[in-house]
Amino acid sequence: MLLYTSFPSEMFNVLVALLERMGPFNYYNGWTVQGFSTSDQLLMTLMKLRLNLRDLDLAERFDTSKSTVSNIFNTYIAALHEILFEGVMKTVGIPSQLKCKGSMPKSFEEFSSARIAMDATEITQDVPSNMNSQSLSYSNYKSRHTVKAVTCVAPNGALVYCSELYPGSTSDAAIVDHCGILDMLKPGDMILADKGFNIFDKLPPGVTLNIPPFLSSKSHFTKEEAQLCYKIGRSRIHVERANERIKNYCILDHIPSQYRHLSTKIFQVCVALVNLQTPLLKEIAEKYEIGH
């Protein structure tokens with residue numbers, strides 16, 4: 001179950017129950033899939049996300065046609081996106097600073113007012129056919145055509161925000177400015193980020209940003225600057241680890257042209273599914289186990 005879905009069977013059964021309550025679905029291709037239970041269709045979708053199996057491979061495994069696999073996958077991505085991303089992540093939103101302090105790990109003790117740690121992640125994609133889109137999607141950093149999103153984790157390691165996918169040439173600061181994440185913050189909140197998020201001029205009143213210092217004309221950091229870099233890195237590592245978990249869904253190794261229309265939903269579903277896995281931080285996981 002962990003291999004094919006990335007989480008235990010108990011969580012799989014919870015998802016099946018949610019989908020059964022939400023159904024019946026209007027299938028993507030306009031015709032209803034029959035002969036497959038909700039659990040089989042969910043398993044097929046999760047196997048596609050987790051292992052990036054080809055439609056023909058899944059068709060052979062489930063003894064069906066490629067068109068049926070495609071119909072199920074497109075339909076269930078939309079359903080999971082509505083339940084897990086729109087219904088849970090966006091509805092719950094970013095936890096308040098008070099809630100964050102209630103589950104603050106030791107690595108954040110230097111930044112007790114931190115509400116989110118922010119990072120960007122890129123995914124390669126097929127070269128767009130439109131010349132203008134090609135120019136926009138080319139990433140100098142990756143030297144490939146990519147799409148990019150900004151993700152945020154709360155201090156306890158839970159993913160609490162994910163933007164839409166933007167063309168690869170878009171800067172981190174431009175995504176933050178456009179996606180609306182800053183509107184969700186309140187005076188007194190702190191953002192932890194890396195040097196690519198030089199967004200001091202975009203911050204709402206009372207919101208602070210903590211990023212590693214720049215070397216500028218100096219040849220090396222002072223002792224205080226080096227300590228600050230270490231402390232910020234120690235706290236920010238959690239968002240990088242969360243992004244690594246997202247990328248463990250092999251469908252995000254590369255976005256083919258046939259899934260370009262679904263790419264944002266696919267990415268955001270993978271983000272939501274990461275939150276169904278065991279907690280990212282060991283001390284949070286131990287509290288979770290004690291609570292159960």
Side-chain angles (χ1 to χ4, degrees), residues 3-7 11-12 15-16 18-19 22 25-29 33 38 40-59 62 66-90 119-129 133 136-137 139 142 144-153 159-168 170 175 179 242-277:
L3 171 66
Y4 290 131
T5 72
S6 79
F7 40 76
M11 189 58 69
F12 178 83
L15 276 182
V16 171
L18 286 172
L19 288 163
M22 186 178 175
F25 303 117
N26 293 318
Y27 279 82
Y28 181 81
N29 288 349
V33 172
T38 301
D40 281 344
Q41 294 182 69
L42 175 61
L43 179 60
M44 188 186 297
T45 303
L46 294 175
M47 288 171 69
K48 179 79 174 176
L49 293 174
R50 182 70 180 84
L51 302 175
N52 198 22
L53 300 173
R54 296 191 177 192
D55 287 357
L56 180 59
D57 187 331
L58 287 168
F62 285 84
K66 284 176 61 179
S67 60
T68 299
V69 171
S70 176
N71 195 13
I72 290 172
F73 180 73
N74 281 267
T75 303
Y76 270 62
I77 285 296
L80 290 170
H81 187 268
E82 185 174 340
I83 294 172
L84 299 179
F85 187 78
E86 296 286 345
V88 179
M89 280 193 67
K90 284 188 72 173
D119 198 13
T121 186
E122 286 189 70
I123 304 164
T124 62
Q125 63 168 339
D126 283 351
V127 180
S129 56
S133 297
L136 289 172
S137 67
S139 167
K142 292 284 188 179
R144 295 282 300 276
H145 292 270
T146 67
V147 286
K148 179 192 284 189
V150 164
T151 58
C152 301
V153 299
L159 281 152
V160 293
Y161 180 81
C162 171
S163 74
E164 295 183 353
L165 291 174
Y166 288 78
T170 315
I175 294 176
C179 71
N243 282 344
E244 185 180 343
R245 282 194 176 187
I246 298 167
K247 291 289 189 70
N248 283 338
Y249 286 95
C250 295
I251 198 167
L252 299 178
D253 290 348
H254 182 84
I255 300 292
S257 56
Q258 66 262 35
Y259 288 134
R260 187 170 286 130
H261 70 291
L262 263 184
S263 57
T264 287
K265 284 188 176 180
I266 288 172
F267 182 77
Q268 290 177 337
V269 165
C270 291
V271 169
L273 289 173
V274 167
N275 281 340
L276 302 183
Q277 300 173 19

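What you are looking at is a predicted structure, and each value in this text was computed from that prediction instead of being measured. One is the number of the first residue; the rest follow in order along the sequence. Values reported hereafter were calculated over all heavy atoms of this structure, with side chains retained and with hydrogens, waters and symmetry mates removed.
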Euclidean distance, [Y] [atom2] relative to [X] [atom1], rounded to 0.5 Å:
X	Y	atom1	atom2	value
Leu15	Thr38	CG	OG1	11.5 Å
Gln277	Thr5	CD	OG1	8.5 Å
Leu165	Thr146	CG	OG1	10.0 Å

Exercise for the section: Measure across Glu122 and Ser139 and return the closest heavy-atom pair with its distance rounded to 0.1 Å. Expected result: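 Heavy atoms only, the tightest pair is OE1-OG, 2.8 Å.
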- Item | Side chains of Phe267 and Cys270 in contact at under 4.5 Å (non-hydrogen atoms) |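 When only atoms from C-beta onward are counted, Cys270 and Phe267 do not touch, as no gap falls below 4.5 Å.
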Is there a side-chain contact between Asn29 and Asn74 (heavy atoms, below 4.5 Å)?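 No, every pair of side-chain atoms sits at 4.5 Å or beyond.
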Hey, which of Tyr4, Tyr249, Phe12 is the one that makes side chain to side chain contact (heavy atoms under 4.5 Å, CB included) with Leu46?
->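 Of Tyr4, Tyr249, Phe12, side chain to side chain contact (heavy atoms under 4.5 Å, CB included) with Leu46 is met by Phe12 alone.
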Tell me if a side-chain donor or acceptor on [X] pairs with a main-chain N or O of [Y] at a distance below 3.5 Å.
X	Y	answer
Ser137	Val147	no
Thr170	Ile175	no
Lys48	Leu53	yes
Gln41	Phe73	no

Between Tyr27 and Tyr76, how do the two ring planes meet: parallel, tilted or perpendicular, split at 30° and 60°?
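Geometry flag for Tyr76 against Tyr27: tilted rings.
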Q. In terms of heavy-atom contacts, does CG of Asn26 have more than 12 from other residues, nucleotides or ligands at under 6.0 Å?
A.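 No - once you tally the heavy atoms of other residues, nucleotides and ligands closer than 6.0 Å, there are 12 at most.
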Glu164 and Thr264: CA distance, side-chain angles, deciding distance, side chain to side chain donor-acceptor pair (under 3.5 Å) verdict
CA-CA 6 Å; Glu164 295 183 353; Thr264 287; 5.4 Å; no
